Engineer: 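My questions will all concern the structure given below.
Just so it is clear, the model here is predicted, and its values are computed rather than measured.
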Amino acid sequence: MSLQETNTEPRSSSQPITEGIRPIGGIIYGVLSFIAVFIITTGYFTYRIFDAAETEPDLEEVFPVPEFVGYPFYNAHRVNTPIEFNAGGGLGSQTVADGYFDLFNQLTAVGAPEFNPLVFNAIPAAILFLTGYVIAGRAGSSLSAESSAAAGASVAVGYLPLFVLGTFVLSVEDPEIVAGPELGLGLLFFGALFTVGFGGLGGYVRGNR
């Protein structure tokens, strides 16, 4: 089955922007781009740790709690993943880091690499830009630049639901530790900024070709 939606009619300057929306393509490419960004951010984070270590660390040292494996992904979207340890003996709790990059940046004195968040921010930005470009390209050449931007922004249809769902899947709540991606306006803002913003930009660039 082809996702190609070709229309050879000439572009119209008065074309409604909504004409470019591609929900089916957005779902398929949104899911694929989510998987790609997750794998690349987590893989690159792990590579940096292993590359800096004098002795090869165990994956359990990098991600001592299984849910932590997704935290570099959310930090790459500028979403905080606060990690709070609950101290015993009535000593209360202590937030040790606002994010996974922050946690490891505190350990640079003992050999951990220093992470520049901007490098990780570029990963979802680049992949979502390319995804938006591809979706707009498959929509055909009849779309205006603005409608092509809407086609590119359609990546949010598949990406954002998984982005929100992941905050629940990756949350940790037990007697010793509470952690997880922060829910709230920041999550929705940065989720929309990366998907609609960079996906739409990719579609707009494709529409101007």
Side-chain angles (χ1 to χ4, degrees), residues 1-45 70-80 116-170 181-209:
M1 178 179 175
S2 173
L3 297 175
Q4 184 84 23
E5 299 180 44
T6 305
N7 187 340
T8 56
E9 295 178 7
R11 301 182 184 186
S12 170
S13 59
S14 60
Q15 186 181 65
I17 292 178
T18 53
E19 193 169 313
I21 298 174
R22 294 296 186 270
I24 302 301
I27 291 172
I28 294 171
Y29 286 107
V31 170
L32 292 176
S33 59
F34 181 93
I35 294 170
V37 174
F38 193 99
I39 291 173
I40 293 173
T41 52
T42 304
Y44 181 59
F45 178 87
Y71 291 8
F73 169 82
Y74 280 91
N75 294 161
H77 292 78
R78 305 193 69 82
V79 174
N80 284 340
N116 182 351
L118 291 177
V119 175
F120 285 85
N121 297 157
I123 296 173
I127 290 177
L128 288 165
F129 175 90
L130 292 173
T131 303
Y133 187 95
V134 169
I135 295 174
R138 297 188 70 87
S141 60
S142 64
L143 296 179
S144 66
E146 291 77 12
S147 293
S148 293
S154 298
V155 68
V157 178
Y159 198 99
L160 274 180
L162 294 177
F163 192 67
V164 175
L165 178 63
T167 63
F168 298 98
V169 174
L170 298 172
E182 283 185 334
L183 286 166
L185 292 178
L187 178 81
L188 297 177
F189 174 77
F190 286 114
L193 174 66
F194 278 90
T195 54
V196 177
F198 289 103
L201 181 60
Y204 185 82
V205 170
R206 179 64 180 84
N208 274 312
R209 283 193 59 189

Engineer: Given 3.5 Å as the limit, does a donor-acceptor pair link the side chain of Tyr74 with the main chain of Phe163, or not?
Structural biologist: yes
Engineer: Check each of Leu187, Thr167, Leu183 against Val79 using the side-chain contact (heavy atoms from CB on, under 4.5 Å) test, and report the only one that passes.
Structural biologist: Leu187
Engineer: Out of curiosity, Leu193 CG to Leu128 CG, how far, rounded to the nearest 0.5 Å?
Structural biologist: 10.0 Å
Engineer: Ring centroids only, cut at 6.0 angstrom: are Phe34 and Phe73 within range, meaning strictly under it?
Structural biologist: yes
Engineer: If I compare all heavy atoms of Ala136 with all of Gly203, which pair ends up nearest, and what's the gap?
Structural biologist: CB-CA, 3.6 Å
Engineer: As an exercise, state the distance from CD1 of Ile40 to CD1 of Ile123, rounded to the nearest 0.5 Å.
Structural biologist: 6.5 Å
Engineer: Using ring pair (Phe, Tyr, Trp, His ring centres under 6.0 Å) as the criterion, point out the one residue from Phe190, Phe194, Phe198, Phe38 that pairs with His77.
Structural biologist: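 By the ring pair (Phe, Tyr, Trp, His ring centres under 6.0 Å) criterion, His77 pairs with just one of Phe190, Phe194, Phe198, Phe38: Phe194.
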Engineer: To the nearest 0.5 Å, tell me how far Ser144 OG sits from Asn208 CG.
Structural biologist: 9.5 Å
Engineer: Check whether any side-chain N or O of Thr42 sits under 3.5 Å from a backbone N or O of Ile39 as a donor-acceptor pair, and report yes or no.
Structural biologist: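 Answer holds: no.
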Engineer: To check you understand the geometry: which heavy-atom pair defines the closest contact between Val31 and Leu162, and what is its length?
Structural biologist: CG2-CD1, 4.0 Å
Engineer: Looking at Arg22, is its backbone amide N or carbonyl O close enough to the side chain of Ser154 to form a donor-acceptor pair, meaning the two atoms are under 3.5 Å apart?
Structural biologist: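 It does hold such a pair.
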Engineer: Just verifying a value: how many Å separate Ile35 CD1 and Tyr159 OH, rounded to the nearest 0.5 Å?
Structural biologist: 11.0 Å
Engineer: Using atom types as modelled and distance alone, determine if a side-chain donor or acceptor of Tyr71 lies under 3.5 Å from a backbone N or O of Leu170.
Structural biologist: yes
Engineer: Could you tell me if the side chain of Val164 sits less than 4.5 Å from the side chain of Leu188, heavy atoms only?
Structural biologist: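 Yes, side chains in contact.
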Engineer: If every non-hydrogen atom of Ser148 is compared with every non-hydrogen atom of Gly207, which pair is closest and at what distance?
Structural biologist: OG-CA, 3.4 Å
Engineer: Would one find more than 12 heavy atoms of other residues, nucleotides or ligands at under 6.0 Å from atom CG of Leu165?
Structural biologist: yes
Engineer: Check whether any side-chain heavy atom of Val205 lies under 4.5 Å from a side-chain heavy atom of Tyr133, and answer yes or no.
Structural biologist: yes
Engineer: For a quick test of reading the model, state the closest non-hydrogen atom pair linking Ala156 to Val196 and the distance between them.
Structural biologist: CB-CG2, 4.0 Å
Engineer: Please give me the minimum heavy-atom distance between Ile135 and Ala151, naming the atom from each residue.
Structural biologist: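 Ile135 and Ala151 have their closest heavy atoms at CG2-O, 3.2 Å.
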Engineer: Would you name the heavy atoms of Val37 and Pro124 that are closest together and state the gap between them?
Structural biologist: CG1-CB, 3.8 Å
